[in-house]
Chemist: 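Right, I'll just put the structure down here and ask away after.
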Amino acid sequence: MAAQHHDDDHDPNLAHHFESTEQQRQSAKLGMWLFLATEILFFGGLFVAYTVYRGNHPEVFVFGAHFLDTALGALNTVVLIFSSFTIAWAVRAAQLKQIKLLKWLIIATMLCAFAFLGVKYVEYSAKWKHGLLWAGAYDPHVEHEEAFETIEVEGELHTPEADVEIIEIEEIQPVAEGEIVEPVVAEVEIDPAPVVADPDSSTIAPAARGPEGLAGPVEEADHDLVPVEPLNARVFFSIYFMMTGLHGIHVLGGIAAMLWLLKCLRRGDFDGGHFTKVDMVALYWHVVDIIWIYLFLLLYLID
Amino acid sequence: MSEHTESGVHVASLKLLVGVMIALMIGTWLTVSVTHFDFGVLNIWIGLGIATVKAILVGLYFMHLRWDKPFNAFVFISAFAFLALFIGFALMDSAHYQDVIIPGWPLS
């Protein structure tokens with residue numbers, strides 16, 4: 001009988017093993033922060049791989065970053081920062097019991113998450129199309145006939161050694177441009193011209209070619225020139241897809257968590273001012289944002 | 001100025017949240033624009049510095065660490081500290097045998 005009475009006036013949002021709502025909230029928070037710490041370490045392994053490989057083979061990263069569109073990367077950064085803002089605002093709304101506002105802020109955050117994945121889809125499909133993929137799947141190629149025409153024109157140049165390298169440039173260059181703008185053909189003719197016109201004046205730093213060759217200091221490379229594809233350029237794309245892929249999965253997880261929040265909201269969980277669930281999802285989402293801030297810098301903004 | 005819930009939890013003001021968001025946007029613009037200048041090896045450190053300031057802003061204000069129990073911040077920061085150790089030791093290790101793999105290492 002006593003137990004029955006206890007259940008009746010017990011706060012449904014307070015689990016039995018907690019003294020108070022505040023204690024429950026603090027426990028949830030600590031658990032969440034521990035989880036976020038493991039998330040940092042989870043991505044940490046990839047950051048270690050990135051750092052060690054870039055430290056030892058900078059030319060691979062300078063080369064690979066040419067194929068990432070800074071504008072799209074920056075757009076995604078802006079989208080994620082804005083979504084961080086909306087979810088932070090959502091926590092405030094939950095704390096102040098502004099349920100209607102809370103609902104719209106969660107939806108806005110979700111829309112940003114979808115926008116992020118949409119941009120990512122555009123980027124991924126461009127790389128897929130041109131074979132700029134991970135490890136064994138790496139097989140760069142162009143599909144536009146125009147690009148091949150250019151190769152022929154410029155292929156007249158000297159020495160077998162130079163020939164080989166120039167063709168590599170031509171095969172790659174249009175791809176990089178194609179990711180940024182739709183009309184590829186016009187760009188193709190203008191951009192590679194300075195590289196090819198006078199091969200003797202090329203200031204391309206020698207790429208590391210294993211035992212017989214050595215990478216020049218990256219800083220000396222002329223930024224306007226497209227670097228010759230270094231050995232193991234595929235490693236850049238392996239790291240790129242692993243890091244952005246794992247991050248993308250986290251964005252999907254965030255969307256799932258926000259759908260759950262909307263379900264809780266409908267059920268009226270937040271009516272009494274219990275904002276812990278919103279708070280936890282927001283913390284998770286901010287970590288996704290923080291990781292992207294670093295990914296954007298480290299993958300897109302090389303060179 | 002600062003609001004609180006009924007149970008006394010700090011509520012971040014909307015003005016502050018908007019301010020932090022604007023600061024983050026400016027930081028993003030800054031990160032992109034410094035790449036147009038060539039500071040040599042400093043470029044990556046400038047970029048990492050700006051990114052870290054942005055991460056700290058997100059942590060302090062969006063994630064409420066500023067008003068939270070310090071222990072939560074300690075947990076989170078310790079993850080970064082251990083990551084730094086991990087990266088540092090991995091780099092030290094690989095730097096020890098790169099000259100065997102690549103003749104002439106280190107560069108320049």
Side-chain angles (χ1 to χ4, degrees), chain A residues 21-22 25-26 29-30 32-34 36-41 43-45 47-48 51-52 55-58 70 74 77-78 81-82 84-85 87-89 91-92 95-96 208 210-212 214-220 223 273 275 279 282-283 286-287 289-290 293-294 296-298 301-303, chain B residues 3-14 17-18 20-21 24-25 27-29 31-32 34-35 38 40-41 43-44 47-48 50-52 54-55 58-59 61-64 68-69 71-73 75-76 78-80 82-83 86-87 90-91 93-95 98 101-105 107-108:
Chain A
T21 317
E22 179 59 14
R25 198 179 73 81
Q26 290 297 348
K29 233 176 174 175
L30 178 59
M32 194 63 198
W33 280 107
L34 282 168
L36 297 181
T38 66
E39 285 285 272
I40 297 299
L41 298 175
F43 277 91
F47 277 103
V48 171
T51 314
V52 169
N56 293 325
H57 302 279
T70 308
T77 311
V78 168
I81 287 174
F82 184 74
S84 249
F85 162 71
I87 200 77
W89 189 3
V91 173
R92 178 188 150 86
Q95 286 170 330
L96 300 177
E212 80 271 24
L214 175 65
V218 184
E219 304 85 62
E220 282 178 17
H223 294 266
F275 62 92
D279 204 10
L283 287 177
H286 293 313
V287 164
D289 183 28
I290 287 177
I293 286 175
Y294 282 96
F296 173 55
L297 170 76
L298 295 175
L301 298 179
I302 303 171
D303 201 0
Chain B
E3 299 165 83
H4 290 85
T5 62
E6 288 153 22
S7 49
V9 181
H10 181 271
V11 179
S13 76
L14 192 54
L17 295 179
V18 172
V20 170
M21 181 194 63
L24 290 173
M25 295 292 185
T28 305
W29 170 78
T31 326
V32 176
V34 290
T35 54
D38 189 2
V41 285
N43 265 53
I44 183 70
L48 281 174
I50 299 171
T52 303
K54 284 163 73 181
V58 172
Y61 298 102
F62 281 179
M63 300 173 93
H64 294 104
D68 228 350
K69 288 197 170 162
F71 190 70
N72 290 338
V75 167
F76 197 48
S78 67
F80 286 95
F82 282 114
L83 179 58
F86 190 4
I87 291 177
L91 274 182
D93 177 54
S94 80
Q98 279 311 304
I101 298 171
I102 305 177
W105 191 266
L107 301 175
S108 70

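Chain letters run A, B, ... following the sequence lines, proteins first, then strands; residues in each count from 1. Treat the numbers as computed from the prediction; the structure is a model and nothing was measured. Just so it is clear, the values below take in all heavy atoms, side chains as well, and ignore hydrogens, waters and symmetry mates.
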Chemist: For R92(A) and A12(B), indicate whether the former's side chain and the latter's backbone hold a donor-acceptor pair under 3.5 Å.
Modeler: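 Indeed, once roles are kept as given, a pair shorter than 3.5 Å links the two residues.
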Chemist: Looking at chain A, which one of L24(B), T28(B), N72(B) has the largest number of heavy-atom pairs inside 4.5 Å, strictly under?
Modeler: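 Max contact count across the listed options: N72(B).
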Chemist: Quick check on L301(A) against chain B: is it the side chain, the backbone, both or neither that has a heavy atom closer than 4.5 Å?
Modeler: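 Contact with chain B: backbone and side chain both.
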Chemist: So which part of L36(A) gets closer than 4.5 Å to some heavy atom of chain B, the side chain, the backbone, both or neither?
Modeler: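 Interface part for L36(A): both.
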Chemist: Given heavy-atom pairs under 4.5 angstrom as the criterion, report whether the side chain, backbone, both or neither of T52(B) touches chain A.
Modeler: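 Contact with chain A: backbone and side chain both.
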Chemist: Please look at F82(A) and chain B and tell me whether the side chain, the backbone, both or neither of the residue comes under 4.5 angstrom of a heavy atom of that chain.
Modeler: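 F82(A) touches chain B through backbone and side-chain heavy atoms alike.
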Chemist: Answer with side chain, backbone, both or neither: which region of T70(A) has an atom nearer than 4.5 Å to a non-hydrogen atom of chain B?
Modeler: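 Contact with chain B is through the side chain of T70(A) alone.
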Chemist: First locate atom NE2 of H64(B), then atom CG of D279(A), and finally report the distance between them rounded to the nearest 0.5 Å.
Modeler: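 It comes to 6.5 Å.
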Chemist: Is it the side chain or the backbone of V9(B) that comes within 4.5 Å of chain A heavy atoms, both, or neither?
Modeler: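 Just its side chain gets close to chain A.
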Chemist: Could you tell me which portion of I50(B) (side chain, backbone, both or neither) has an atom closer than 4.5 angstrom to a non-hydrogen atom of chain A?
Modeler: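 For I50(B), there is no contact with chain A at all, as no heavy atom is under 4.5 Å.
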Chemist: Under 4.5 Å heavy-atom distance to chain B, tell me which part of V287(A) shows up: side chain, backbone, both or neither.
Modeler: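 For V287(A), the contact with chain B is made by backbone and side chain together.
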Chemist: Under 4.5 Å from any heavy atom of chain B, what part of L34(A) do you find: side chain, backbone, both or neither?
Modeler: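 When you check distances to chain B, atoms from both the backbone and side chain of L34(A) fall under 4.5 Å.
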Chemist: Checking L283(A) against chain B: side chain, backbone, both or neither under 4.5 Å from a heavy atom?
Modeler: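 L283(A) touches chain B through backbone and side-chain heavy atoms alike.
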Chemist: Only counting residues at least two apart or in another chain, list the ones meeting side-chain hydrogen bond (donor to acceptor under 3.5 Å, both in side chains) with N43(B).
Modeler: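 Listed in chain order: nothing, the list is empty.
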Chemist: Under 4.5 Å from any heavy atom of chain A, what part of D68(B) do you find: side chain, backbone, both or neither?
Modeler: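 For D68(B), the side chain is the part near chain A, not the backbone.
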Chemist: Measure S84(A) against the heavy atoms of chain B and call it side chain, backbone, both or neither at under 4.5 Å.
Modeler: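 Both parts, backbone and side chain.
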Chemist: For V34(B), which atoms come within 4.5 Å of any heavy atom of chain A: side chain, backbone, both, or neither?
Modeler: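 No part of V34(B) comes within 4.5 Å of chain A.
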Chemist: Pick whichever of L14(B), I44(B), V20(B) has the most heavy-atom pairs under 4.5 Å with chain A.
Modeler: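 Between L14(B), I44(B), V20(B), the count favours L14(B).
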Chemist: Considering only heavy atoms and a distance below 4.5 Å, find which of M32(A), E22(A), Q26(A) pairs most often with chain B.
Modeler: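 Most heavy-atom pairs under 4.5 Å with chain B: Q26(A).
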Chemist: With a 4.5 angstrom heavy-atom cut-off, is it the side chain or the backbone of L298(A) that approaches chain B, or both, or neither?
Modeler: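 The side chain, not the backbone.
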Chemist: If I measure from the heavy atoms of chain A, does Y61(B) come under 4.5 Å with its side chain, its backbone, both, or neither?
Modeler: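 For Y61(B), neither part sits under 4.5 Å from chain A.
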Chemist: Nearest heavy-atom pair of L83(B) and L41(A): which atoms, and what distance?
Modeler: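 Scanning both residues, the minimum pair turns out to be N-CD2, 4.4 Å.
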Chemist: Report yes if the side chains of F62(B) and I87(A) come closer than 4.5 Å at any heavy-atom pair, otherwise no.
Modeler: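 Sidechains of I87(A) and F62(B): no contact.
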